[in-house]
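Just so we're on the same page: letters track the sequence lines, and every chain starts at 1. Computed from a prediction, not measured in an experiment: that's the story for all the values here.
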Number of protein chains: 2
Amino acid sequence: MAENILLVEDEEKLARMVEMELRYEGYEVAKAFDGRSGLEQALSGKYDLVLLDIMLPQLSGMEVLRRLRRESDLPVIMLTARDSVIDKVSGLDSGADDYITKPFAIEELLARIRAALRKRSVRSGKILTAGDLVMDVERHQVTVKGQSVELTKKEFDLLHQLLENKGRVLTREALLDSVWGFDFVGETNSVDVYIRFLRSKIDEAFGFKLIHTVRGVGYVIRED
Amino acid sequence: MAENILLVEDEEKLARMVEMELRYEGYEVAKAFDGRSGLEQALSGKYDLVLLDIMLPQLSGMEVLRRLRRESDLPVIMLTARDSVIDKVSGLDSGADDYITKPFAIEELLARIRAALRKRSVRSGKILTAGDLVMDVERHQVTVKGQSVELTKKEFDLLHQLLENKGRVLTREALLDSVWGFDFVGETNSVDVYIRFLRSKIDEAFGFKLIHTVRGVGYVIRED
DNA sequence: ACCCATTTTTAAGAAAGCATAAAGTACCCT
DNA sequence: AGGGTACTTTATGCTTTCTTAAAAATGGGT
């Protein structure tokens, strides 16, 4: 589930360069070369973040931002020319999440993208539940019947994944992908072992059964 | 409670003119005619905003800004000569809130002053607490059980960030972004070290535990 | 009921993450 | 210039977490 980035930039050479770097980092990238189509695509709901040049044909970046902000709070990072300082100020005022002046080091751009995406993911601080179990994602806290349960990072991530897919059976492979990362090599029974850890801290400790094994398929959380 | 504005400007004629206009608008105004005394007054804590000329005897405006920013987040609007674009850029980069080029219309200056003061009043005027700890953001002061705790700027900013997100776990990267800035390069454990400083000044000195480590994730302030 | 594939459990070594002290650097003040 | 303060980096030991592997248990098909 790579993040989708929309790049709105009319200088094709720069756009191609940035696109390449972003893809290399594992992002999905779409491009628009003018303000009008950029706005249109940004509103499509397909993207997680927009990189928006200020100087654009058809509709200026500022204008795109202003219109976008009427309907969406999609994260936007403005790309501004070196000496157009005024843009910086008014851009942030009209709702950009960040700005970066051209020419920029790609590393800095990447850092800002990460920060903007992180900010968004915090925004949607959600609570997941299953029976008596409550997970507060941003607080990184899990309670059962009001009582706090201490989980390590892997345990937490695994439980998180299962809760996000409550009722759906997840294969070991799918869990490895999402919790351990796709670049995991070789045979391992880590998932099984961590399921065991979770069961002993949750199911056994509180005397019910949330985590079910589906033989030959995988694991699932069911609240019954 | 009129806002106090410090005007640092060596052209006396201009200074007198601006002072008159500001007073007419209901602001309290103090003046300084060189960088050194300007910096000194700015640091006194009496002012809500500084108008800072770039060209100053003794200590340039840029230098004043730089030193001021080491200890304070007081809003600063730079006054720059017509075409000194370089100054504009590096001024904002080094932490000015806005700039205006001379000669300027007084109405524009007033608008920017209002904007800067508004921005500040949104960001602060706030008291943050966690257990027995109280942070007065504006006064840049922290007390525990009524007893004042001396913190350096970085320590303060880090604690501030943690308090603003009390209960939410913040990653090292997020803290680096918000406290140290994006342009931080390379590997560093500065966050860890500053957490240690805070712990020794707060948790250890007063015998409780506010700052918690969430292994594999980051740090969080929890008051329980 | 028995067997085999699958899953669970256990345990121990490896690795990662963290805390801390101390050295190093930059910068200002006098 | 020298001392002081704030900040950053480096190094080290320790603790927790993760991984692996192998033994024990379980379940379902025949």
Please report the distance, rounded to the nearest Å, between [atom1] in [X] and [atom2] in [N].
X: Leu43(B); N: dC28(C); atom1: CG; atom2: C1'; value: 12 Å
X: Leu175(B); N: dT8(D); atom1: CG; atom2: P; value: 14 Å
X: Tyr219(B); N: dC18(C); atom1: OH; atom2: P; value: 6 Å
X: Asp192(A); N: dA21(D); atom1: CG; atom2: P; value: 14 Å
X: Ile195(A); N: dT6(C); atom1: CD1; atom2: P; value: 18 Å
X: Arg69(B); N: dA26(C); atom1: CZ; atom2: P; value: 24 Å
X: Arg196(A); N: dA25(D); atom1: CZ; atom2: P; value: 13 Å
X: Leu158(A); N: dC18(D); atom1: CG; atom2: P; value: 11 Å

[N] phosphate, OP1 or OP2, under 4.0 Å from [X] side-chain N/O:
X: Arg70(B); N: dC28(C); answer: yes
X: Tyr194(A); N: dT9(C); answer: no
X: Arg215(B); N: dA16(C); answer: no
X: Thr213(A); N: dT7(C); answer: no
X: Trp180(B); N: dT8(D); answer: yes
X: Arg172(A); N: dT7(C); answer: yes

**Donor + acceptor pair across side chains of Arg199(B), Thr213(B) (<3.5 Å)** =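 Side-chain D/A pair, Arg199(B) to Thr213(B): present.
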
**Item:** Donor on one side chain, acceptor on other, Ser72(B) and Arg67(B), under 3.5 Å
**Value:**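 Side chains of Ser72(B) and Arg67(B): no pair found under 3.5 Å.
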
**Item:** Position toward the 5' end of DNA chain C (nearest nucleotide), Glu71(B) or Phe197(A)
**Value:**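 Between the two, 5'-proximity favours Phe197(A).
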
**Message:** Quick check on DNA chain C: between Leu39(B) and Val217(A), whose nearest nucleotide comes earlier from the 5' end?
**Reply:**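 Comparing both residues, the 5'-ward one is Val217(A).
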
**Request:** Determine the contact category for Arg36(B): base if any of its heavy atoms lies under 4.0 Å from a base atom, sugar-phosphate if only primed atoms, P, OP1 or OP2 are that close, otherwise nothing.
**Result:**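 No contact at all - Arg36(B) keeps every heavy atom at 4.0 Å or more from the nucleic acid.
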
**Parallel, tilted or perpendicular: rings of Tyr194(B) and Trp180(B) (30°, 60°)** =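 Taking Tyr194(B) first and then Trp180(B), their aromatic rings stand perpendicular (interplane angle over 60°).
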
**Item:** Residue from Val50(A), Ile54(A), Leu49(A) passing side-chain contact (heavy atoms from CB on, under 4.5 Å) with Leu52(A)
**Value:**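 So, applying the side-chain contact (heavy atoms from CB on, under 4.5 Å) to Leu52(A) and each of Val50(A), Ile54(A), Leu49(A), only Val50(A) qualifies.
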
**Prompt:** Per the side-chain contact (heavy atoms from CB on, under 4.5 Å) rule, which among Ile100(B), Leu22(B), Leu6(B) passes with Leu51(B)?
**Reply:**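 Passing option: Leu22(B).
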
**Item:** Glu204(A), nearest nucleotide to its side chain (from dT9(C), dT20(C), dC28(C))
**Value:**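 Nucleotide nearest to Glu204(A)'s side chain: dT9(C).
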
**Message:** Taking the ring of Phe156(B) and the ring of His140(B), is the distance between their centroids below 6.0 Å?
**Reply:**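 Yes; Phe156(B) has its ring centre under 6.0 Å from that of His140(B).
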
**Request:** Give a yes or no on whether the backbone of Arg69(B) and the side-chain of Asp73(B) come within a donor-acceptor separation of less than 3.5 Å.
**Result:**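 No: the side chain of Asp73(B) does not pair with the backbone of Arg69(B).
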
**Prompt:** Hey, is the main chain of Lys153(A) close enough, under 3.5 Å, to the side chain of Arg215(B) for a donor-acceptor pair?
**Reply:**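 Not at all, since once roles are kept as given, no pair shorter than 3.5 Å links the two residues.
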
**Message:** Counting distance alone, no hydrogens or angles: does the base of dT10(D) have a donor or acceptor under 3.5 Å from a partner atom on the side chain of Asn189(B)?
**Reply:**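 Such a pair is found, so the answer is yes.
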
**Item:** Any residue of residues 147-156 of chain B with a heavy atom less than 4.0 Å from an atom of DNA chain D
**Value:**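 Output list: Thr152(B), Lys153(B), Lys154(B).
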
